[in-house]
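Here's the structure we're looking at; comments come further down.
Keep in mind that the numbers below use all heavy atoms, side chains included, and drop hydrogens, waters and symmetry copies. Every chain is numbered from 1 and lettered A, B, ... according to where its sequence line falls, protein lines coming before strand lines.
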Number of protein chains: 4
Amino acid sequence: MAPDDLYNETQPDVSQKAADCRRRSERCHQAILTAAAELLEEKGYGGVSVEAIASRAGVGKQTIYRWWACKASVVMEAYAKQVNQNLPLPDTGCVKTDLGDMLGQLAVVLGTTSAGSALAGLIAEAQTDPHVAQEFRHQMIACRRAAAQTLLQRGIDRGELRPDLDLDLAIDALCGPIWYRLLLRHTPLDREFAIALIDQLMAGITA
Amino acid sequence: MAPDDLYNETQPDVSQKAADCRRRSERCHQAILTAAAELLEEKGYGGVSVEAIASRAGVGKQTIYRWWACKASVVMEAYAKQVNQNLPLPDTGCVKTDLGDMLGQLAVVLGTTSAGSALAGLIAEAQTDPHVAQEFRHQMIACRRAAAQTLLQRGIDRGELRPDLDLDLAIDALCGPIWYRLLLRHTPLDREFAIALIDQLMAGITA
Amino acid sequence: MAPDDLYNETQPDVSQKAADCRRRSERCHQAILTAAAELLEEKGYGGVSVEAIASRAGVGKQTIYRWWACKASVVMEAYAKQVNQNLPLPDTGCVKTDLGDMLGQLAVVLGTTSAGSALAGLIAEAQTDPHVAQEFRHQMIACRRAAAQTLLQRGIDRGELRPDLDLDLAIDALCGPIWYRLLLRHTPLDREFAIALIDQLMAGITA
Amino acid sequence: MAPDDLYNETQPDVSQKAADCRRRSERCHQAILTAAAELLEEKGYGGVSVEAIASRAGVGKQTIYRWWACKASVVMEAYAKQVNQNLPLPDTGCVKTDLGDMLGQLAVVLGTTSAGSALAGLIAEAQTDPHVAQEFRHQMIACRRAAAQTLLQRGIDRGELRPDLDLDLAIDALCGPIWYRLLLRHTPLDREFAIALIDQLMAGITA
DNA sequence: CTATAAGCGAGACGGTACGTCCCGTCTTAGA
DNA sequence: TCTAAGACGGGACGTACCGTCTCGCTTATAG
């Protein structure tokens, strides 16, 4: 999925119809996303409210509601770029290294930056609002899973992984624990954890 | 961990001191828990509010706040029993079967009953309120992890599992994906999933 | 007062300067007034908003604000014609008949047509916005009072009315109750009321 | 009508049912009415908003909406007392003096105090909201008309006024012009005006 | 017979206020 | 003395219009 595709719904292709009279103000768009990110960094997801974003961005509330359905959508867009642009798709020829790069980066982003609080908040909101859940899966999860699939398939093709591997199951086994630690915070979430997870899954735990 | 310990903070030991002028009304206690469970079943976690619980239970709001810190605590207590009483600690002599029993039951409870919505809602709330997070880990996670630890240790002792196994890591690898599916709902959560997960982790994914 | 004078502020004299590159579109002008009148008829003064007028007239909001200061001005212009064109200046030789014609017609227009709701709404708005108040007195009240003054003066000249009559006071005594009933709606507003009012004022209420 | 009757809807008879658990806070009640009156005095009716009242009174908005339907109702209650407590019911034996007292006081209150702006604003709002109109007639108009009726009837009984007098019509003729001047503000509203009005109506305007 | 300066439709924008919901605390009458 | 009922201060929600603004198209003189 091309990263530009992510905004199709809220920011329709501009070149297609030049006759829109007054188009979306890019200045606002950015001000809002920036305000949302700042608030998140300062006060965490709970400290973000549509009114706070509007006031921080120097914008009317209606301008936010004109383009986004709720604060979750704003936060989602504010972090989609950060989370997905950094998405590496390494190809070192070794599946363990590739997965380590990818999941290590995910663990670090979630564990040490404000993106962790942002995405945890979004998952929280998704439990209440199915539309947020849908959008979250689409924007935050789908492309990561697709990338992981590519990596694993290459591993299979190279004969590193079992040919009968269930890709979805393997991805759940790799990503699940990372999100689990993000949400439960029972133990730290860092690169080492990701690496150890991969090692363990590849080798198996049987004696 | 003694199960009674779980309520120490919110439900001070009633038997301990008979000299309280008037002690907690068991009728209220039950009515509130029942009301919470009913509302959860009917409207999901989002449809539960302290006011709704109070009105449904025929109880003043204050009576709820006297004994619990917030609605999350109520829901937690309402489901702790259900989730933890069913906690099996099988000992069939085969670690794969034992884990399958335990995680299969977890997957089924989370995937098909209202407990799924309840616990997902609690995790959501935990993202905002650290106290809820703490209590959730204590009441909902800790004893399960302890049980899993016992199972895995037996497997090691019997020579079924690698002796250098990192128990915490293995438990994350087993439970993480289940909670991940509960919260993301990208694919169904059932016994088969749990079994497949265990199989995959035990055997590893290397060719 | 020449009726054309009434629009001087909002509708600058078109004939005066032919050198404007592009002059006011008469089509728009009419469409806006018509839309305002329709909305008023359908939903009353409260249902009229600048946005509703614009959308109904198929016109941009700016086109309205280019020519009028606020919705009150639009409504005022839409009804000034109707209210003032019908302004009779009868001269039957009998002041009671003359007043009866004039005030009877006023009572009927206010009491039974949408002009009642329109003018009531305008007075309402005038309480908040002094500019509307000013314009309202100028467009809706002044010419009517002038006409009444003429009628009464003729009555004095003919010896029908007391020569020391305070014209302004008499006009207030005649018109006040009509507007009062329009705004309070405690009793119906019709021709009979106007006639009775005149009779009573002329004869006095002393035994 | 007993003045206490006026609050029946918003302030139900307390003695009737002693079983209300927590009753309306009189402190709030007063704080809100005071805040409303202050705001009105400072900024006029247009400067009053429910949010401003709430913030000035140090009260949640909901506390206002719990007891009143809209800001008009609050303002109405805030001024009902002032307007109606001052309602004189003189009995000097001379109907002209009695009416002069009563209408003079009305003219002065409306013309020189903030009650004028308040009542004008209420009439304005009544044009949009029929419920306000209804309440306004009931609280602000009815008792005044009743009092005037009493005065006039005494005049008839004493032989000062025509025995066939239409009381409602006479009251409209007396009060209408006063409200008319309040709302149009084309000429000042003072005691002299009220007196002159009465004189003119009593004597009639015929030569 | 252009060219150019409005007028125009569309509607985004910063604001203000609305009326609603629920939170967690506080108050009160009565069991 | 504790409970139910529910009022309270507070804060965010999402909506409706306000009056201003910007855009790209259209149109009617003025040069």
Side-chain angles (χ1 to χ4, degrees), chain A residues 17-25 27-29 31 46 48-55 57-67 69-71, chain B residues 20-25 27-28 31 46 48-52 54-55 57-66 68-71, chain C residues 18-25 27-29 31 48-55 57-71, chain D residues 17-29 31 46 48-55 57-71:
Chain A
K17 185 155 202 185
D20 302 303
C21 287
R22 160 108 104 136
R23 262 117 83 258
R24 179 175 198 171
S25 148
R27 194 184 58 68
C28 283
H29 191 168
V48 179
S49 74
V50 174
E51 292 190 327
I53 295 175
S55 124
V59 138
K61 265 203 294 181
Q62 194 59 58
T63 301
I64 297 181
Y65 284 110
R66 210 188 319 277
W67 302 107
C70 58
K71 77 166 178 176
Chain B
D20 295 328
C21 286
R22 179 170 177 182
R23 263 126 72 264
R24 179 176 198 171
S25 144
R27 195 184 57 69
C28 283
V48 179
S49 73
V50 174
E51 289 182 336
S55 128
V59 138
K61 277 204 292 179
Q62 193 54 53
T63 303
I64 297 181
Y65 283 110
R66 207 187 320 280
W68 291 277
C70 59
K71 78 166 178 176
Chain C
D20 296 327
C21 284
R22 180 176 177 176
R23 262 122 80 258
R24 178 175 199 171
S25 146
R27 194 184 58 69
C28 284
H29 190 173
V48 179
S49 74
V50 175
E51 291 186 333
I53 296 174
S55 126
V59 137
K61 273 204 293 180
Q62 191 56 52
T63 302
I64 296 181
Y65 283 110
R66 206 188 321 277
W67 302 108
W68 291 276
C70 58
K71 76 166 179 176
Chain D
K17 185 157 203 185
D20 302 304
C21 289
R22 159 109 107 132
R23 259 119 85 260
R24 180 174 200 170
S25 145
E26 195 49 38
R27 194 185 57 70
C28 284
H29 191 168
V48 179
S49 73
V50 176
E51 292 189 327
I53 295 174
S55 123
V59 138
K61 268 204 292 180
Q62 194 58 56
T63 300
I64 297 181
Y65 283 111
R66 209 189 319 278
W67 301 108
W68 292 277
C70 57
K71 77 166 177 175

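Between the base of E/dG24 and the side chain of B/Lys61 there is a donor-acceptor pair shorter than 3.5 Å. Between the side chain of B/Glu51 and the base of E/dC21, no donor-acceptor pair under 3.5 Å is found.
In terms of heavy atoms, B/Gly60 sits closest to B/Ala54 at C-CB, 4.2 Å. What you find for D/Ala31 and D/Ala57 is that their closest heavy atoms are O-CB, 3.6 Å. The shortest heavy-atom contact between A/Lys71 and A/Val48 is NZ-O, 2.9 Å.
A sub-4.0 Å separation between OP1 or OP2 of F/dG9 and a side-chain N or O of D/Thr63 is present. Taking 4.0 angstrom as the limit, A/Ser25 places none of its side-chain polar atoms (N or O) nearer than this to OP1 or OP2 of F/dT22. Contact annotation: C/Ser49 side-chain N/O to F/dA16 OP1/OP2 distance is not under 4.0 Å. Contact annotation: B/Trp68 side-chain N/O to E/dG24 OP1/OP2 distance is not under 4.0 Å. A close approach under 4.0 Å does occur between a side-chain nitrogen or oxygen of D/Arg66 and OP1 or OP2 of F/dC8. An OP1 or OP2 oxygen of F/dA4 is reached within less than 4.0 angstrom by a side-chain nitrogen or oxygen of B/Arg27.
Going from atom CD of C/Gln62 over to atom C1' of E/dG7 covers 11 Å, rounded to whole Å. Distance CZ (A/Arg23) to P (F/dC25): 10 Å, rounded to an integer number of Å. Distance OH (C/Tyr65) to C1' (E/dA12): 15 Å, rounded to an integer number of Å. For B/Ile64 and F/dT3, the CD1 to P distance is 12 Å, given to the nearest whole Å. When rounded to the nearest whole Å, the span between CH2 of A/Trp67 and P of F/dT15 equals 16 Å. In this structure, A/Ile53 places its CD1 atom 15 Å from C1' of F/dG11, rounding to the nearest Å.
Among the protein residues, C/Cys28 comes within range of the sugar-phosphate backbone only, with heavy atoms under 4.0 Å from sugar or phosphate atoms but none that close to a base.
Mapping A/Val48 and C/Cys70 onto DNA chain F by nearest heavy atom places A/Val48 at the nucleotide closer to the 5' end. Between D/Ala57 and A/Ala52, the residue anchored closer to the 5' end of DNA chain F is D/Ala57, taking for each the nucleotide with the nearest heavy atom.
Considering OG1 of C/Thr63 and NE2 of C/His29, their distance stands at 12.5 Å, rounded to 0.5 Å.
Residues B/Val50 and B/Trp68 are not in side-chain contact: their nearest non-hydrogen atoms beyond the backbone lie 4.5 Å or more apart.
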